[in-house]
Amino acid sequence: MIIVYASIILVAGSLIYLAISAVKTYKDTKPALASLSETAGRMQAKTQLIKTETDKLTGTQQEIAEDMEYKKEAVQYTMDSAKASPESFKQIWKAVKGKKKRHPSVRMR
């Protein structure tokens, strides 16, 4: 019977030691877990900041692309107008030159 009581005391002592060890381990790891949690929070905040900046840059890039397209079209329109100008000047020149060659006594109908 002594063996049974000794076994029960040994099991109870082991459970008490296990509980004490668990509490001590929890207290030792609590600051490390808090530090990891804080680090994770800072990383999450930085990730959010990077995402926000990425969205802003994407918007700015889109605005720049639209502005460049607008300016490209404006330059293309100007170039087309400039290319068409010599023909207009030729027609005006011919009209002016043609009027100068006629004799003043000739009437236009």
Side-chain angles (χ1 to χ4, degrees):
M1 203 61 178
I2 294 177
I3 294 178
V4 173
Y5 291 127
S7 296
I8 292 174
I9 292 173
L10 185 63
V11 169
S14 297
L15 290 175
I16 291 171
Y17 179 73
L18 177 65
I20 291 171
S21 295
V23 169
K24 184 178 179 187
T25 302
Y26 175 74
K27 285 182 179 180
D28 289 344
T29 58
K30 191 174 181 180
L33 291 175
S35 174
L36 286 174
S37 178
E38 185 180 316
T39 302
R42 283 194 312 264
M43 288 181 67
Q44 181 66 28
K46 287 184 180 182
T47 301
Q48 186 64 34
L49 180 65
I50 290 171
K51 185 178 182 297
T52 302
E53 290 295 321
T54 302
D55 292 343
K56 284 181 184 178
L57 286 173
T58 301
T60 303
Q61 180 184 15
Q62 183 66 29
E63 289 175 14
I64 289 171
E66 290 172 2
D67 187 49
M68 287 184 66
E69 185 63 30
Y70 171 76
K71 289 177 180 176
K72 179 182 168 186
E73 289 174 4
V75 168
Q76 187 63 41
Y77 175 77
T78 304
M79 293 296 291
D80 291 343
S81 296
K83 288 178 183 176
S85 294
E87 188 61 36
S88 299
F89 287 132
K90 284 180 188 176
Q91 291 173 358
I92 293 171
W93 181 256
K94 286 180 183 177
V96 169
K97 191 176 177 183
K99 287 184 181 179
K100 287 184 179 179
K101 284 187 177 182
R102 292 189 180 161
H103 195 273
S105 63
V106 178
R107 289 189 195 169
M108 295 181 80
R109 293 182 191 203

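In this text, all values refer to a predicted model and were calculated from it rather than measured experimentally.
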**Request:** Report the C-alpha distance between Lys30 and Tyr26 in whole Å, list the side-chain angles of each, state the deciding distance to 0.1 Å, and finish with yes or no for side-chain contact (heavy atoms from CB on, under 4.5 Å).
**Result:** CA-CA 6 Å; Lys30 191 174 181 180; Tyr26 175 74; 4.2 Å; yes
**Request:** Taking Ser35 for its side chain and Pro31 for its backbone only, find out whether a donor-acceptor pair lies under 3.5 Å.
**Result:** no
**Fill in**
In this structure, OG1 of Thr25 is separated from NZ of Lys27 (nearest 0.5 Å) by 11.5 Å
**Message:** Counting only heavy atoms not in Glu66 (residues, nucleotides, ligands), do more than 12 fall under 6.0 Å from its CD?
**Reply:** yes
**Heavy-atom side-chain proximity of Tyr5 to Met1 below 4.5 angstrom** = yes
**Prompt:** Which value, rounded to the nearest 0.5 Å, describes the distance between Ile50 atom CD1 and Leu57 atom CG?
**Reply:** 11.5 Å
**Message:** Any carboxylate oxygen within less than 4.0 angstrom of a Lys/Arg side-chain nitrogen, looking at Asp28 and Lys24?
**Reply:** no
**Message:** Return the CG to OG1 distance between Asp55 and Thr60, rounded to the nearest 0.5 Å.
**Reply:** 10.5 Å
**Euclidean distance, Thr58 OG1 relative to Glu53 CD, rounded to 0.5 Å** = 11.0 Å
**Message:** Rounded to the nearest 0.5 Å, what separates atom CG in Leu10 from atom CD1 in Ile3?
**Reply:** 12.5 Å
**Distance (rounded to the nearest 0.5 Å) between Glu69 CD and Gln76 CD** = 10.5 Å
**Message:** I'd like to check Thr39 versus Met43 (side-chain heavy atoms, cut-off strictly below 4.5 Å). Are they in contact?
**Reply:** yes
**Message:** Does atom CG (Leu15) have a neighbourhood of more than 12 heavy atoms from anything else shown, all under 6.0 Å?
**Reply:** yes
